[in-house]
Trainee: 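Let me give you the structure first, and then I'll get to my questions.
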There are 2 protein chains.
Amino acid sequence: MTDVATEKPRRGRPPVSDEQRQRQRLDISRHAVRLFADQGVAATSGEQIAQAAGVSERTFWRYFPHKESCVEPLLTKMVDAFCGVLHDWPRELELIDHLREAYSPLLDAATDEDIEAVLAVVRLTHGERALRAAYLMLRERAENALGEVLAERAGLARDAIEVRVQAAAMSAVLKIATDDVATAAADGVTRETLEGHREQIATALRGLSRML
Amino acid sequence: MTDVATEKPRRGRPPVSDEQRQRQRLDISRHAVRLFADQGVAATSGEQIAQAAGVSERTFWRYFPHKESCVEPLLTKMVDAFCGVLHDWPRELELIDHLREAYSPLLDAATDEDIEAVLAVVRLTHGERALRAAYLMLRERAENALGEVLAERAGLARDAIEVRVQAAAMSAVLKIATDDVATAAADGVTRETLEGHREQIATALRGLSRML
DNA sequence: CATTTATTGGCACCATCTGCCAACAAGCGC
DNA sequence: GCGCTTGTTGGCAGATGGTGCCAATAAATG
């Protein structure tokens with residue numbers, strides 16, 4: 001009776017592992033994004049995505065509550081990686097210096113194709129309302145993670161006004177930098193454009209501090 | 001042949017004026033928001049909104065491309081008012097000082113019911129994904145307007161990085177302040193809660209500058 | 001009143017997404 | 001292997017979101 005796990009003999013088929021599920025979602029996500037980029041979101045039906053990913057339409061809708069949320073797994077992967085870097089941000093370093101050190105592994109963690117796909121999505125969000133909405137909501141999640149890191153660093157409560165404001169401001173900076181890189185990489189991603197993201201962030205951060 | 005207007009004798013029924021159309025949209029908007037607040041967005045059908053507003057479902061869908069965009073007229077009214085205040089921001093004043101002077105008329109321009117409705121929408125956006133998306137897109141429009149004001153003040157191009165970053169940061173501050181006021185006014189709006197918005201903004205702006 | 005143009009409402013239609021259920025897959029003890 | 005239990009899948013029906021098309025009507029002009 002001490003261990004909760006022993007109380008359940010666990011009969012029957014076990015549920016699929018969470019990672020398994022995530023990988024499945026990610027796989028579908030890649031197919032969906034390719035279709036979105038090729039023919040637009042509106043012109044891509046759920047049936048089409050399901051077929052491309054090799055699942056029935058029904059299970060597709062089980063994996064994704066809305067069509068637009070197909071972009072989520074791909075984007076979250078990046079956002080999570082970035083949040084990880086953020087989390088290791090040592091107290092004594094400026095953010096930009098920390099990024100200079102820790103940014104490259106972030107890029108190596110993903111395949112070039114995935115990075116390309118993510119940037120394609122970011123570009124798509126400028127014309128596709130539905131995607132824009134999904135994108136913005138994801139950025140809010142990132143802002144939240146950023147808020148927690150900042151709160152811990154400053155020794156303040158997560159909901160302190162300074163923490164929230166600074167998280168929002170930095171998040172905005174990151175958004176702009178990302179947007180710039182995405183448009184710059186419109187035709188073909190080179191290692192330089194990606195490394196440029198860091199410096200883009202640096203420039204933007206400077207622009208922020210100059211406003212007093 | 002010199003005047004374009006004289007070339008067209010204009011026969012047949014004239015198109016409804018733009019303001020007329022806006023007023024119609026605003027009217028429907030009010031009905032929709034009430035329903036949204038009462039029973040949630042998902043539980044409110046387009047048919048229901050149309051019926052409440054006294055138009056056919058078909059024309060309802062003509063006025064609003066998506067269900068969620070029903071909140072737009074009500075929100076834009078506020079955003080536009082705010083942008084107007086921003087536009088009159090004299091070069092020599094700090095933003096917060098300008099707001100202290102010009103903020104009250106903004107509140108008087110709308111009925112208490114509309115203000116209440118707007119705040120209700122802002123609160124709703126925390127739980128209703130669809131509304132959140134619409135809300136965020138509207139905020140982007142506001143950020144854009146802010147960017148133009150800032151660009152003019154600073155004598156810089158609209159797409160200069162400093163301008164964009166500062167607009168984004170200030171927009172984020174405004175968002176947080178608005179959120180706080182909306183939750184604070186959860187049960188009943190008093191004049192104080194609304195005037196408090198100004199000071200909320202002031203506090204937030206201070207929090208921003210403290211980040212260096 | 002006839003003509004012209006704009007808006008409206010009704011209908012058919014496709015796409016999105018959900019509930020329900022039968023089929024099947026994957027573990028367990030025997 | 002066979003049952004038993006549980007989780008996932010796919011198919012089908014159905015509600016809702018949203019669009020195109022067309023007839024009816026409204027508002028102007030002469």
Side-chain angles (χ1 to χ4, degrees), chain A residues 5-29 31-32 35-36 39-72 128-131 133-134, chain B residues 5-29 31-33 35-36 39-72 128-134:
Chain A
T6 55
E7 300 211 58
K8 305 209 171 186
R10 269 283 52 226
R11 322 211 313 151
R13 175 181 184 170
V16 291
S17 68
D18 213 40
E19 336 140 53
Q20 184 80 9
R21 197 156 203 287
Q22 298 304 329
R23 262 189 293 134
Q24 171 81 301
R25 271 173 63 90
L26 187 56
D27 180 57
I28 300 180
S29 179
H31 286 283
L35 288 169
F36 286 168
Q39 36 176 322
V41 178
T44 307
S45 70
E47 188 184 3
Q48 217 170 353
I49 303 173
Q51 198 166 351
V55 296
S56 82
E57 196 182 339
R58 186 62 187 87
T59 50
F60 166 70
W61 288 122
R62 254 196 280 267
Y63 275 81
F64 295 96
H66 327 285
K67 193 167 59 169
E68 329 92 52
S69 43
C70 285
V71 299
E72 195 196 297
E128 304 260 9
R129 291 183 66 87
L131 286 197
Chain B
T6 54
E7 298 210 58
K8 307 211 170 183
R10 269 288 45 229
R11 321 212 317 143
R13 174 182 185 169
V16 291
S17 66
D18 213 41
E19 338 143 50
Q20 185 79 8
R21 197 156 201 289
Q22 298 305 329
R23 262 190 292 133
Q24 173 80 303
R25 271 173 62 89
L26 187 57
D27 181 55
I28 300 179
S29 179
H31 286 283
V33 167
L35 288 169
F36 287 169
Q39 34 176 324
V41 177
T44 307
S45 70
E47 188 185 5
Q48 217 171 355
I49 303 173
Q51 198 165 353
V55 296
S56 82
E57 195 181 339
R58 186 63 187 87
T59 49
F60 166 69
W61 288 121
R62 253 195 282 267
Y63 275 83
F64 295 96
H66 326 284
K67 194 165 62 166
E68 329 92 52
S69 42
C70 285
V71 300
E72 197 195 296
E128 304 261 10
R129 289 185 66 90
L131 286 197
R132 186 101 199 136

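To find a chain, count down the sequence lines: A is the first, B the second, and so on, and within it residues start at 1. Not measured: the values here are computed from a predicted model.
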Trainee: Nearest whole Å is fine: how far is D/dT8 C1' from A/Ile28 CD1?
Mentor: 13 Å

Trainee: Compare every heavy atom of A/Ile49 with every heavy atom of A/Lys67, then report the nearest pair and how far apart it is.
Mentor: CG-CD1, 4.2 Å

Trainee: On the nucleotide D/dG18, are OP1 or OP2 found under 4.0 Å from the side-chain N or O atoms that B/His66 carries?
Mentor: yes

Trainee: Figure out the CZ/P separation between A/Arg129 and D/dG18, and round it to whole Å.
Mentor: 12 Å

Trainee: Measure CZ/B/Phe60 against C1'/D/dT16 and give the value in whole Å, please.
Mentor: 12 Å

Trainee: Using a cut-off of 4.0 Å on non-hydrogen atoms, how would the nucleic acid contact of B/Ser69 be classed: base, sugar-phosphate, or nothing?
Mentor: nothing

Trainee: Mark yes or no for whether B/Ser29, through its side chain, and B/Arg25, through its backbone, hold a donor-acceptor pair below 3.5 Å.
Mentor: no

Trainee: Which nucleotide in the list D/dG10, D/dC4, D/dG20 gets nearest to the side chain of A/Arg11?
Mentor: D/dC4

Trainee: When you match B/Thr59 and B/Pro15 each to their closest nucleotide on DNA chain C, which lands nearer the 5' end?
Mentor: B/Pro15

Trainee: Return the value, rounded to whole Å, for the distance between atom NZ of B/Lys67 and atom P of D/dG18.
Mentor: 7 Å

Trainee: Looking only at heavy atoms, which two atoms of A/Glu128 and A/Val41 are closest? And how far apart?
Mentor: OE2-N, 3.1 Å

Trainee: side-chain contact (heavy atoms from CB on, under 4.5 Å), that's the test. Do A/Gln24 and A/Val55 meet it? Break it down for me.
Mentor: CA-CA 10 Å; A/Gln24 171 81 301; A/Val55 296; 4.1 Å; yes

Trainee: Once hydrogens and angles are ignored, does a donor-acceptor distance under 3.5 Å link the base of D/dG10 to the side chain of A/Arg62?
Mentor: yes

Trainee: Give the minimum heavy-atom separation between A/Phe60 and A/Ala50, together with the two atoms involved.
Mentor: CB-CB, 3.8 Å

Trainee: Strictly distance-based, threshold 3.5 Å: is any side-chain N or O of B/Ser56 a donor or acceptor partner for the main-chain N or O of B/Thr59?
Mentor: yes

Trainee: Judged by each residue's nearest nucleotide on DNA chain D, which is more toward the 5′ side, B/Ser45 or A/Ser56?
Mentor: A/Ser56

Trainee: Assess the side chains of B/Arg23 and B/Gln20: does a donor N or O sit below 3.5 Å from an acceptor N or O?
Mentor: yes

Trainee: Quick one: B/Phe64 CZ to D/dT19 P, roughly how many Å, whole number?
Mentor: 13 Å

Trainee: Going 5' to 3' along DNA chain C, which are the first and last nucleotides with any atom under 4.0 Å from a heavy atom of chain A?
Mentor: C/dT16 to C/dG27

Trainee: Rounded to whole Å, please give me the gap between CZ in B/Arg13 and P in D/dA27.
Mentor: 6 Å

Trainee: Select from A/Val55 and B/Gly12 the residue whose nearest nucleotide in DNA chain D is closer to the 5' end of that strand.
Mentor: A/Val55

Trainee: Rounded to whole Å, please give me the gap between CH2 in A/Trp61 and P in D/dT9.
Mentor: 17 Å

Trainee: What is the separation between atom CZ on B/Arg58 and atom P on D/dA24, rounded to the nearest whole Å?
Mentor: 18 Å

